[in-house]
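Reviewing the structure listed below.
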Amino acid sequence: RGEGKFVPVSWDEALTDIADAMLDAIQDQGVESIITLMTPEPGAAAARTFTGQIGSPLTDGGAEFNDWNPGLYLTWGKFNPVASSDDWFLADLIIVWANNPVYSAIPWYHYVPECRYNGGEVVVIAPDYSATAIHADYHVPVHFGTDAALALAMCKVIIDEGLVNRRFVQEQTDLPLLVRKDTGKFLRANEYNAGDREDQFFWFDSKTKQVVPAPRGTLSLGDVDPSIEGKAVVRLLDGTEVELETVFQRLRRILEDYSPEAAAKICGASPEMIRDLARKIATKKTKIMAGWTMGKSYHGDLMERAMVLPLALTGNWGRQGTGTQSWAISG
């Protein structure tokens, strides 16, 4: 390049050379040797159609450019499991996290300032002071790739200050499920009861002080009061006695390393801001507007799952004005 060795050719010559090379590749190595990189752009529709006609592979768009939210997908089974964008108006607190909807959601952004007119607050978490941050109540600057530390520190504040929505955690999360302390895995019925299912898990009932099966077909607690910090010992079918604890207890141990002061050294947000935001999430209907930035980052799925955790602890999904919402946000 730059050496003046390129020879100008017509479009007909160029396309003929490409077609000949493709035919040679198919004949020598098979149609699999021609790979088209997937792109959702409308202008690439012809290339996608051509790829399908000749039977050559088309790569996974998520693997190419990751315009989605793998962490949200792993958590919910969908990457955008909420209401349409008019639901923003009903939030008490909107957290715009690694997103800039003033630019990326122009047709729908008006619901964000309208939420503020309705008494809501808007917080932007991002390294840069963006066009969206200008119109927010607070801007929380964080270092690139440190969002998980911020989220986990907020979770520690919520737990340590007794702000957990216990009923929601019991009913809507896996935090009360029992885990074997020797393996760190869920206690499964097929290792505890002869002939039982592998996908049957267990709770510790605070009322009866017994290990009981968690229902598989409903989220209803029934007459059971699942402990979120209960411990038990059971004897497995092979005669082994194992200690059990809840997922919530394991979470508490993980969070010991994420005090606001420790997280502040990682993410750059002040300890006071971390505590203040955690308390807001715990006491307000909170919606997180997540962009696609994290999905393009190393361990971005874990950052997104950490982002969801404060909502899980505070009962912030399944009702109006709550949940996580991604870039694809039209109703």
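None of the values given here were measured: they were computed from a predicted structure.
Between the side chain of S270 and the backbone N or O of M273 there is at least one donor-acceptor pair closer than 3.5 Å. At least one donor-acceptor pair under 3.5 Å links the side chain of T59 to the backbone N or O of M38. Of the possible donor and acceptor atoms, none in the side chain of R279 sits under 3.5 Å from a partner among the backbone N and O of E161. Judged by distance alone, with hydrogens and angles left aside, the side-chain atoms of D205 form a donor-acceptor pair with the main-chain N or O of D225 at under 3.5 Å. For N165 (side chain) and F168 (main-chain N/O), a donor-acceptor pair under 3.5 Å exists by modelled atom type. Judged purely by atom type and a 3.5 angstrom limit, E243 has no side-chain atom pairing as donor or acceptor with the backbone of K181. Under the 3.5 Å distance criterion, the side-chain polar atoms of R188 are matched with a main-chain donor or acceptor of E198. No donor-acceptor distance shorter than 3.5 angstrom exists from the side chain of H143 to the backbone of K265, with no hydrogens or angles considered. Remark: side-chain polar atoms of N316 are not paired, donor with acceptor, to backbone N or O of L311 under 3.5 angstrom. Remark: the backbone N or O of V102 is paired with a side-chain donor or acceptor of T132 at under 3.5 angstrom.
For the side chain to side chain contact (heavy atoms under 4.5 Å, CB included) criterion with F202, the lone passing option out of L244, V212, L178, V234 is L178.
Using a 4.5 Å heavy-atom cutoff, the side chains of H135 and V122 are not in contact. The shortest distance between side-chain heavy atoms of L175 and L313 falls below 4.5 Å. Counting only heavy atoms from C-beta outward, the side chains of D87 and Q325 never approach each other to under 4.5 Å. Residues T75 and T324 are not in side-chain contact: their nearest non-hydrogen atoms beyond the backbone lie 4.5 Å or more apart. V179 is listed as a side-chain neighbour of R250, based on a closest heavy-atom distance under 4.5 Å. Within the 4.5 Å cutoff, the side chain of N69 has no heavy atoms near those of the M294 side chain. A 4.5 Å side-chain heavy-atom check between T173 and F248 finds every atom pair outside the cut-off. Residues F204 and K231 form no side-chain contact, since every pair of their non-hydrogen atoms from C-beta on lies 4.5 Å or further apart.
Within 6.0 Å of CD on E114 lie more than 12 heavy atoms contributed by other residues, nucleotides or ligands. The number of heavy atoms from other shown groups lying within 6.0 Å of CD (E241) is above 12.
With ring centers used as reference points, W108 lies 6.0 Å or more from W88.
With hydrophobic clusters built from ILVMFWY side chains whose heavy atoms lie under 4.5 angstrom apart, I158 does not share a cluster with W317. If you chain together hydrophobic residues whose side chains sit under 4.5 Å apart, Y258 and V157 never meet in one group. Using a 4.5 Å cut-off between side-chain heavy atoms of Ile, Leu, Val, Met, Phe, Trp and Tyr, with links allowed through other members, L152 and V140 fall into different hydrophobic clusters. Both W203 and V164 sit in one connected hydrophobic cluster of ILVMFWY residues. Membership requires side-chain heavy atoms under 4.5 Å apart, directly or through other members. Taking hydrophobic clusters as Ile, Leu, Val, Met, Phe, Trp and Tyr residues chained together by side-chain heavy-atom distances below 4.5 Å, L277 shares a cluster with M303.
P226 approaches L221 most closely through the heavy-atom pair CG-CD2, 3.9 Å. Annotation for P310 and I281: closest pair O-CG2, 4.1 Å, computed over non-hydrogen atoms. Annotation for I228 and T246: closest pair O-OG1, 2.6 Å, computed over non-hydrogen atoms. Taking every heavy atom of both residues into account, G71 and E304 meet most closely at N-OE1, 2.6 Å. The two atoms that bring L72 and A290 nearest to each other are CD1-CB, 4.5 Å, heavy atoms only. Annotation for S326 and G291: closest pair OG-O, 4.5 Å, computed over non-hydrogen atoms.
A salt bridge between R216 and D199 is present, with a side-chain N of the basic residue lying under 4.0 Å from a carboxylate O of the acidic one. The pair E245-R252 fails the salt-bridge criterion, with no side-chain N (NZ, NE, NH1 or NH2) lying under 4.0 Å from an Asp/Glu carboxylate O.
Atom CG of D92 and atom SG of C115 lie 7.5 Å apart (nearest 0.5 Å). Separating the CG atom in D182 from the CG atom in L236 is a distance of 7.5 Å, to the nearest 0.5 Å. Atom CE of M22 is separated from atom CG of L15 by 11.0 Å, given to the nearest 0.5 angstrom. Atom-to-atom distance recorded for L309:CG and C155:SG is 3.5 Å, nearest 0.5 angstrom. Between the CD1 atom of I26 and the OG atom of S56 there is a distance of 7.5 Å, given to the nearest 0.5 Å. Expressed to the nearest 0.5 Å, how far CE of M154 lies from CG of D276 amounts to 11.0 Å.
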| field | R305 and L74: CA distance, side-chain angles, deciding distance, side chain to side chain contact (heavy atoms under 4.5 Å, CB included) verdict | value | CA-CA 8 Å; R305 288 172 72 89; L74 289 168; 3.3 Å; yes
| side chain to side chain contact (heavy atoms under 4.5 Å, CB included) between V112 and M289, intermediate numbers included | CA-CA 10 Å; V112 176; M289 294 174 59; 4.0 Å; yes
| request: Please report the C-alpha distance between V247 and F186 in whole Å, then the side-chain angles of each, then the deciding distance to 0.1 Å, and finally whether the side chain to side chain contact (heavy atoms under 4.5 Å, CB included) criterion is met. | output: CA-CA 9 Å; V247 177; F186 288 122; 3.6 Å; yes
| message | Let's go through Q172 and L219 carefully: what are the C-alpha distance in whole Å and the side-chain angles of both, what is the deciding distance for side chain to side chain contact (heavy atoms under 4.5 Å, CB included) to 0.1 Å, and is it a yes or a no? | response | CA-CA 7 Å; Q172 297 288 330; L219 292 176; 3.7 Å; yes
| field | Verdict with reasoning, D223 to K207, per salt bridge (charged side-chain N to carboxylate O under 4.0 Å, His left out) | value | CA-CA 9 Å; D223 294 329; K207 295 180 179 179; 5.4 Å; no
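S130 and D128 are not linked by any side-chain donor-acceptor pair at a separation below 3.5 angstrom, with hydrogens and angles left out of the test. W292 and S104 form no side-chain donor-acceptor contact under 3.5 Å, judged by distance and modelled atom types alone. T240 and D238 share a donor-acceptor pair across their side chains, judged by distance under 3.5 Å alone.
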